[in-house]
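Structure, as structure tokens:
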Protein chains: 2
Amino acid sequence: MFPGDSPETPAESFVETSTPLTDLHASPQCPSLLEVLSRIGDKWSLCAIGQLYQGPLRFNKLKRSIDGVSQRMLTLTLRNLERDGLVQRTVYPTNPPSVEYQLTELGHTLIGPVKGIFDWAQSHRTDIQQARERFDAQNPEMAQR
Amino acid sequence: MFPGDSPETPAESFVETSTPLTDLHASPQCPSLLEVLSRIGDKWSLCAIGQLYQGPLRFNKLKRSIDGVSQRMLTLTLRNLERDGLVQRTVYPTNPPSVEYQLTELGHTLIGPVKGIFDWAQSHRTDIQQARERFDAQNPEMAQR
DNA sequence: CAGGATCCATGGCGATACTG
DNA sequence: CAGTATCGCCATGGATCCTG
């Protein structure tokens, strides 16, 4: 599946990075990369962001557009995104009330990097799929799901 | 930091994407974007990948390099990464046994996109920090942590 | 050294019911 | 319509002990 890389050479030729990709935890008093990743890695945040990326949406419309989300989780998700400044919540004092959600400018800047991951996942989903099948075949019932 | 994108226009001119960033769930029989994100968004995967990106490592050395990880979680994390074809596990039948972990080629391709997120988090951590403080100040005790 | 097995705490998340 | 409140499940993850 992934050729190259002489199979029996354990410890040679590793690359240097400008940003060493360490320091994932332990960022003093600022939200660490892990916090960011946990936020966008949770079950619904990216779905909400993806929908709001198409344009502003009211709560129930957003809810209907995200299949399977409970109203509780959508509320919590939007609260967190709002708290982090990624989503803006606007209340229109109509009757019945309507609340509109939209991406903030900061939220829009996240789209690019996320699309990077998204495209990677798209490009390599079959690789991953096949790797899993090989692994599960070789390790008969270590399969955890 | 992120110029362009007119600051005060709330609900107009949202961009069109080639990949609409929808279809996060519900990918038929292939690992969805959410699965990928859940994997790399879990507590230790990125730490392990970040360390292995520096070069191959044996289990305990890897464990010592990741502060706070339990041996159980490191094992599970590495298993999942191996299952997904991101990490290769090589056993050397010495005595006592030594096991070396290294990124696969597929694993290396993930570095780029992840660095995108990483850099975004770095660039905007203070923005997020400030947004949180404003939010917590305005919503006195809605603060969940 | 590199795990496996077990126990247990926490929190993410869903379901349901209620409200301004 | 857009939430809040409450309950309970279960997956994640930590601590500890044991093994080839």
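Residue numbers start from 1 in every chain, and the chains themselves are labelled A, B, ... in the order their sequence lines are given, proteins ahead of strands.
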Rounded off to whole Å, could you give me the [atom1]-to-[atom2] distance for the [X] and [N] pair?
X       : N       : atom1 : atom2 : value
D67(B)  : dG14(D) : CG    : P     : 12 Å
K61(B)  : dA2(C)  : NZ    : P     : 11 Å
N95(B)  : dT19(D) : CG    : C1'   : 13 Å
R39(B)  : dA11(D) : CZ    : P     : 15 Å
E100(B) : dC1(C)  : CD    : P     : 15 Å
N60(A)  : dG3(D)  : CG    : P     : 9 Å
I66(B)  : dG14(D) : CD1   : P     : 12 Å
F59(A)  : dT4(D)  : CZ    : C1'   : 11 Å

Next item on the list: Can you run down the salt bridge (Lys or Arg N to Asp or Glu O under 4.0 Å) pairs that involve residues 87-97 of chain B, sequence neighbours left out, and say none if there aren't any?
Entry: none
Check: Touch check for Y92(A), heavy atoms < 4.0 angstrom, all strands: base, sugar-phosphate only, or nothing?
Finding: nothing
Margin query: So if I take every side-chain heavy atom of R79(A) and compare against dT4(D), dC1(D), dG4(C), which nucleotide ends up nearest?
Written below: dT4(D)
Checklist line | Residue R58(A), side-chain heavy atoms: nucleotide from dA2(D), dG3(D), dC1(C) that is nearest | finding: dA2(D)
Note to self: Side-chain N or O of Y101(B) versus OP1/OP2 of dG3(C): is the shortest distance under 4.0 Å?
What the structure shows: yes
Item checked: Flag, side chain of S45(B) to backbone of D42(B), donor-acceptor distance under 3.5 Å -> no
Note to self: Please evaluate residues L57(A) and E100(A) with respect to the criterion side chain to side chain contact (heavy atoms under 4.5 Å, CB included), reporting the C-alpha separation (whole Å), side-chain torsions for both, the decisive distance (0.1 Å), and the verdict.
What the structure shows: CA-CA 6 Å; L57(A) 280 176; E100(A) 193 180 67; over 6 Å; no
Checklist line | Heavy-atom closest contact (Q88(B) atom, T104(B) atom, distance) | finding: N-CG2, 3.6 Å
Margin query: Restricting to non-hydrogen atoms, name the atom on V87(A) and the atom on Y101(A) that form the minimum distance, rounded to 0.1 Å.
Written below: CG1-CD2, 3.8 Å
Margin query: Generate the contact string for nucleotides 9-20 of chain C. Rules: B means base contact, S means sugar-phosphate contact only, - means no protein heavy atom under 4.0 Å.
Written below: ----BBBBB--B
Note to self: Going by salt bridge (charged side-chain N to carboxylate O under 4.0 Å, His left out), E35(B) matches just one of R125(A), K43(A), R132(A). Which one?
What the structure shows: R132(A)
Check: Considering the options V99(A), L78(A), V69(A), which one meets the side chain to side chain contact (heavy atoms under 4.5 Å, CB included) requirement together with L62(A)?
Finding: L78(A)
